[in-house]
Amino acid sequence: MTEFVCSKCGHREPVSTRKPKCDCGGLWKLDYNPPKFDENLIDKSEWSIFRYRAFMPLEDETWRSVTMGEGMTPIIPFDDDLMLKMDYFMPTLSFKDRGAAVLVTHCKSIGVKSCVQDSSGNAGNSVAAYSGRAGIECGIFVPEGASPGKIDMIRAHGATCTVVPGARDHCADVCRAKVRDKGAYYANHVYNPYFYQGTKTYIYEIWEQLRRIPQHIFLPLGNGTLFLGGLYGLEHLASSGVIDKMPTVVAIQTENCAPFAKAKELGLHDVPDIDVKPTLAEGIAIGKPMRAPEILDLIYKYDIEIVTIPEADILPARAALARRGVYAEHTTAGNYAAYLRYVQLHGRAPDSLITMCGAGLKSDH
Ligand SMILES: Cc1ncc(COP(=O)(O)O)c(C=O)c1O
Ligand SMILES: [Zn+2]
């Protein structure tokens, strides 16, 4: 049976628990081992991430009334070395729909009637939209300065949106206080392990589209929902014998907020306190990522390089993408800037894939 298990003390709880984390403070992990990845288990008649549901711990058929066709995003060539996976081709225009579709499906399956979530914007958009679709009341907390477009979308989906003065990390604290004091269900992309069961489909899709995994996979790293999902997916393909080695994974942070780069430099197993400077890459501006120890374990295990984006490179990268037809939000333009920086540091990186995971209109402010 699939259960939550505490990442600190090993305590177990049914996945229907309303507790956002273990009483000891540890975050939940899912004790779930999917069957070996096998192409025959993919439901090729289903045009959404739920075509991979044989590898997801779903309780029932609720997903059918929640899905909005998320996933199935194209991979397009950008130049001789670089491919873009167009993950902003999604119902709410960001990759977060992969995670939210599975998380909200889980919420509906276990009878959650109302939930709260904090976010720099995209995850909040996504949870608001899927909650609206699932008939779950939803409250989203965003930090001041979040894109007005994201706030408008959240409200349009029928969720309340509370703008919290101060930095992104403070906004999370305010939302968590609401969870603690009012007992609201925390439909959060960082805390709730179901979210990662959605983001891992990013890798399954790449494999299904290309029949292989590219040599270099670049993943943005804020709280690490795509990073962790991506690594779960890759490890699943590797343990199933579908790929014979892990690709070179490169993690992307911004120079103005790079707690993982600092931790790695110092050889730490959790992130140190850092100064967070303002950055256009709002999606990865996470000073205190809650799953840092788990992420750092993977960084050391696979010797993952962390590239930090110089702030001045973000807008030129965005313009370069846009001139070639791809209108990405600032954080996502940063993925391209990080790729260019990696090439500057190491020379050509053939067979590279980056994600275009947030749409440009979201950050026009
Ligand atoms: C466009 C975009 N890219 C990357 C990220 C980083 O995702 P994570 O914080 O899960 O690492 C986010 C998160 O909000 C985002 O919105
Ligand atoms: Zn515990």
Side-chain angles (χ1 to χ4, degrees), residues 3-13 17 19-29 85-88 90 92-100 103 117-127 140 142-143 146-147 149-150 153 168-169 171-172 188-192 195-196 198-200 202 218-231 251-254 257-260 271 279-292 294-295 298-299 306 309 314 318 321 327-338 354-363:
E3 280 184 318
F4 282 160
V5 52
C6 171
S7 54
K8 266 198 188 152
C9 75
H11 172 74
R12 304 175 84 84
E13 283 273 337
T17 183
K19 288 183 185 172
K21 58 181 177 175
C22 179
D23 293 339
C24 83
L27 294 190
W28 300 127
K29 287 184 75 166
K85 183 151 170 72
M86 304 304 290
D87 247 29
Y88 67 69
M90 290 273 182
T92 76
L93 311 180
S94 91
F95 78 98
K96 300 281 187 190
D97 292 349
R98 292 184 187 277
L103 172 54
Q117 148 79 318
D118 54 86
S119 148
S120 69
N122 279 333
N125 260 185
S126 201
V127 169
I140 303 290
V142 298
S147 309
K150 293 177 181 175
M153 269 177 81
R168 168 73 183 90
D169 293 310
C171 166
N188 179 263
H189 53 301
V190 189
Y191 274 50
N192 201 304
F195 202 89
Y196 305 90
T199 52
K200 73 182 185 183
Y202 180 71
F218 289 75
L219 295 169
L221 180 53
N223 273 307
T225 61
L226 189 60
F227 180 89
L228 281 172
L231 277 136
I252 304 166
Q253 296 229 278
T254 151
C257 182
F260 286 104
V271 290
T279 170
L280 286 171
E282 62 183 7
I284 51 173
I286 310 293
K288 285 187 281 179
M290 299 302 293
R291 290 194 183 265
E294 186 188 349
I295 291 169
L298 290 162
I299 285 173
I306 302 165
I309 316 160
I314 295 176
R318 188 176 195 232
L321 288 165
Y327 199 49
E329 70 167 272
H330 294 144
T331 307
T332 294
N335 298 343
Y336 181 47
I354 61 175
T355 172
M356 291 291 102
C357 56
L361 288 176
K362 293 245 197 167
S363 59

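This structure is a prediction, so every number in the text was calculated from the model and none was measured. Position 1 is the first residue of the sequence, and the numbers go up from there. The analysis underlying the following values was restricted to heavy atoms, covering all of them including side chains, and did not include hydrogens, waters or symmetry mates. Note that ligands are numbered from 1 as they come in the structure, with each ligand's atoms numbered from 1 the same way.
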List below, pair by pair, the N or O atoms of ligand 1 and of the protein that are less than 3.5 Å apart, including the distance to 0.1 Å; reply 'none' if no pair qualifies.
{"residue": "ligand 1", "atom": "7 (O)", "partner": "Lys96", "partner atom": "NZ", "Å": "3.4"}
{"residue": "ligand 1", "atom": "9 (O)", "partner": "Asn223", "partner atom": "N", "Å": "2.7"}
{"residue": "ligand 1", "atom": "10 (O)", "partner": "Lys96", "partner atom": "NZ", "Å": "3.2"}
{"residue": "ligand 1", "atom": "10 (O)", "partner": "Gly224", "partner atom": "N", "Å": "3.4"}
{"residue": "ligand 1", "atom": "10 (O)", "partner": "Thr225", "partner atom": "N", "Å": "2.7"}
{"residue": "ligand 1", "atom": "10 (O)", "partner": "Thr225", "partner atom": "OG1", "Å": "2.5"}
{"residue": "ligand 1", "atom": "11 (O)", "partner": "Gly222", "partner atom": "N", "Å": "2.8"}
{"residue": "ligand 1", "atom": "11 (O)", "partner": "Asn223", "partner atom": "N", "Å": "3.2"}
{"residue": "ligand 1", "atom": "11 (O)", "partner": "Gly224", "partner atom": "N", "Å": "2.6"}
{"residue": "ligand 1", "atom": "14 (O)", "partner": "Lys96", "partner atom": "NZ", "Å": "3.4"}
{"residue": "ligand 1", "atom": "16 (O)", "partner": "Asn122", "partner atom": "ND2", "Å": "2.7"}

Task: Any residue meeting side chain to side chain contact (heavy atoms under 4.5 Å, CB included) with Ala251, in chain and number order, not counting sequence neighbours - done: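 Side chain to side chain contact (heavy atoms under 4.5 Å, CB included) list for Ala251, sorted by chain: Leu221, Phe227, Ile304, Ile306.
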- [ ] Please determine which of Val190, Asn192, Asn188 meets the side chain to side chain contact (heavy atoms under 4.5 Å, CB included) test together with Gln117.
- [x] Asn188
Open item on the list: If the condition is ring pair (Phe, Tyr, Trp, His ring centres under 6.0 Å), which residues does Tyr336 pass it with, not counting sequence neighbours?
Closed with: Phe78
TODO: Could you label the plane-to-plane angle of the His11 and Trp28 rings as parallel, tilted or perpendicular, counting under 30° as parallel and over 60° as perpendicular?
DONE: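 Tilted, since the angle between the ring planes falls between 30° and 60°.
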- [ ] With Lys362 as reference, evaluate Thr332, Thr331, Asn125, Thr92 under the side chain to side chain donor-acceptor pair (under 3.5 Å) test and give the passing residue.
- [x] Asn125
Task: salt_bridge(Glu3, Arg12) N-O dist < 4.0 Å - done: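 A salt bridge links Glu3 with Arg12.
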Task: Residue and atom names of protein N/O/S atoms that fall under 2.8 Å from the Zn ion (ligand 2) - done: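 Protein N, O or S atoms closer than 2.8 Å to the Zn ion (ligand 2): Cys6 SG, Cys9 SG, Cys22 SG, Cys24 SG.
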Task: Any donor-acceptor N/O pair, Ser126 side chain to Asp97 backbone, under 3.5 Å - done: yes
Open item on the list: Test your reading of the model: is there a side-chain donor-acceptor pair from Arg291 to the backbone of Tyr191, 3.5 Å cut-off?
Closed with: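 Yes; at least one donor-acceptor contact below 3.5 Å.
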- [ ] Verify whether one side chain among Glu282 and Ser147 offers a donor that lies under 3.5 Å from an acceptor in the other.
- [x] yes
